[in-house]
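Report on the following structure.
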Amino acid sequence: MNELKRYTNLENGLYLSILGQVFDVTKGEKHYGPGGTYHAFTGRDASLAFITGEFDDQGLTDDISSLSQRQVKALDDWLQFYNANYIYKGKLYGRYYNQDGSPTAEFRKVQEKLLLAKREKAMEEKQERMFPLCNIEWNRDTGTVFWCTERSGGIERDWTGVPRILFETAGAQGSSSRCACVNLDSKEYEDNKARLSEYDGCEKYATKCVLRNKT
């Protein structure tokens, strides 16, 4: 850790650490050099600040125990960015790696959170493929229009679907919801009927639905 503190200037080089991995960011001196926006990241592991954006003494820390699973995934995305764009120099002895380079218990905790986040994201992506987002447009005069196409929600498919309200939890009308394009002939529809509801005033098989403004 003390050795890393030397690398905060152009003479020695500009190094930073994220999740215990050290990178030479000297080529990004515009951003990381003295006076640069991200100079505070150099010479230390300030993993938490990559997510919080807080550059005070409390924010510039490698302790990310307060982060959620999704935030840990976002931090891992930063790690992949540095791996792809800067020179990897080694591991930082401390919170995430032992002196011999082996991972610590804290490192394993982070990996567990990351794994859970990736699983959650995979489930969300699977659901988006099953029930793609509707196209939505609001008009002050006519109201809100929901409609489906074979490319709505950015999911290309060989069916159009009809707009339905998709709830997070089966039968939970109070839970969060969104508009989904649903293939009424699919197994996914049969398996998730309890989570789906028709829009009031819309025909069952209509691919376009207009919710009139209340007067």
Item to check | SG atoms of Cys148 and Cys134 less than 2.5 angstrom apart | outcome: no

Item to check | Ring centers of Tyr82, Tyr88 separated by less than 6.0 Å | outcome: no

Checklist entry - Any donor-acceptor pair under 3.5 Å linking the side chain of Glu125 with the backbone of Ala122? => result no

Item to check | Pair Thr26-Asp24, side-chain donor/acceptor within less than 3.5 Å | outcome: yes

Item to check | From Phe167 atom CZ to Ser177 atom OG, the distance as rounded to the nearest 0.5 Å | outcome: 5.0 Å

Checklist entry - Aromatic ring centroids of Tyr15 and Phe23 under 6.0 Å? => result no

Checklist entry - Quick one: which of Leu114, Ile64, Leu48 gives a side chain to side chain contact (heavy atoms under 4.5 Å, CB included) with Leu75? => result Ile64

Checklist entry - Stepwise, does the salt bridge (Lys or Arg N to Asp or Glu O under 4.0 Å) test hold for Lys73 with Glu120? => result CA-CA 11 Å; Lys73 174 65 174 65; Glu120 183 180 343; over 6 Å; no

Checklist entry - Does Ile18 offer a backbone N or O that forms a donor-acceptor pair with the side chain of Ser47 under 3.5 Å? => result no

Checklist entry - Does the side chain of Glu29 come within less than 4.5 Å of Leu10's, by heavy atoms? => result yes

Checklist entry - Any donor-acceptor pair under 3.5 Å linking the side chain of Lys89 with the backbone of Ser17? => result no

Next on the checklist: Is there a path of hydrophobic side-chain contacts, each under 4.5 Å between heavy atoms of I/L/V/M/F/W/Y residues, joining Trp147 to Phe131?
Outcome noted: no

Checklist entry - Atom CG of Leu67 and atom OG1 of Thr52: how far apart are they, to the nearest 0.5 Å? => result 8.0 Å

Checklist entry - Can you tell me how far CZ of Arg164 sits from CZ of Arg195, rounded to the nearest 0.5 angstrom? => result 15.0 Å

Next on the checklist: Name the residue from Trp78, Phe50, Tyr32, Tyr7 that meets the ring-ring contact (aromatic ring centres under 6.0 Å, His included) definition with Phe41.
Outcome noted: Phe50

Checklist entry - Are more than 12 heavy atoms from other residues, nucleotides or ligands located less than 6.0 Å from atom NZ of Lys27? => result yes

Checklist entry - Does any pair with a residue in residues 8-44 pass disulfide (SG to SG under 2.5 Å), and if so which ones, sequence neighbours excluded? => result none

Next on the checklist: For the backbone of Leu79 and the side chain of Asn83, can you confirm whether one donor and one acceptor N or O come within less than 3.5 Å of each other?
Outcome noted: yes

Item to check | From CZ (Arg44) to CG (Leu16), nearest 0.5 Å | outcome: 11.0 Å

Checklist entry - From Lys5 NZ over to Glu3 CD, what is the distance, rounded to the nearest 0.5 angstrom? => result 12.5 Å

Checklist entry - With a 4.5 Å limit on heavy-atom distance, are the side chains of His39 and Thr42 in contact? => result yes

Next on the checklist: Using a 6.0 Å distance limit plus a 45 degree cone around the ring axis, check whether Lys91 lies over the aromatic ring of Tyr96.
Outcome noted: no

Next on the checklist: For the residue pair Ser152 / Arg157, report whether a side-chain donor-acceptor contact shorter than 3.5 Å exists.
Outcome noted: yes

Next on the checklist: Can you tell me how far apart CG (Leu19) and CG (Leu92) are? Round to the nearest 0.5 Å.
Outcome noted: 11.0 Å

Next on the checklist: Is it the case that atom CD in Glu124 sees more than 12 heavy atoms from other parts of the structure closer than 6.0 Å?
Outcome noted: yes

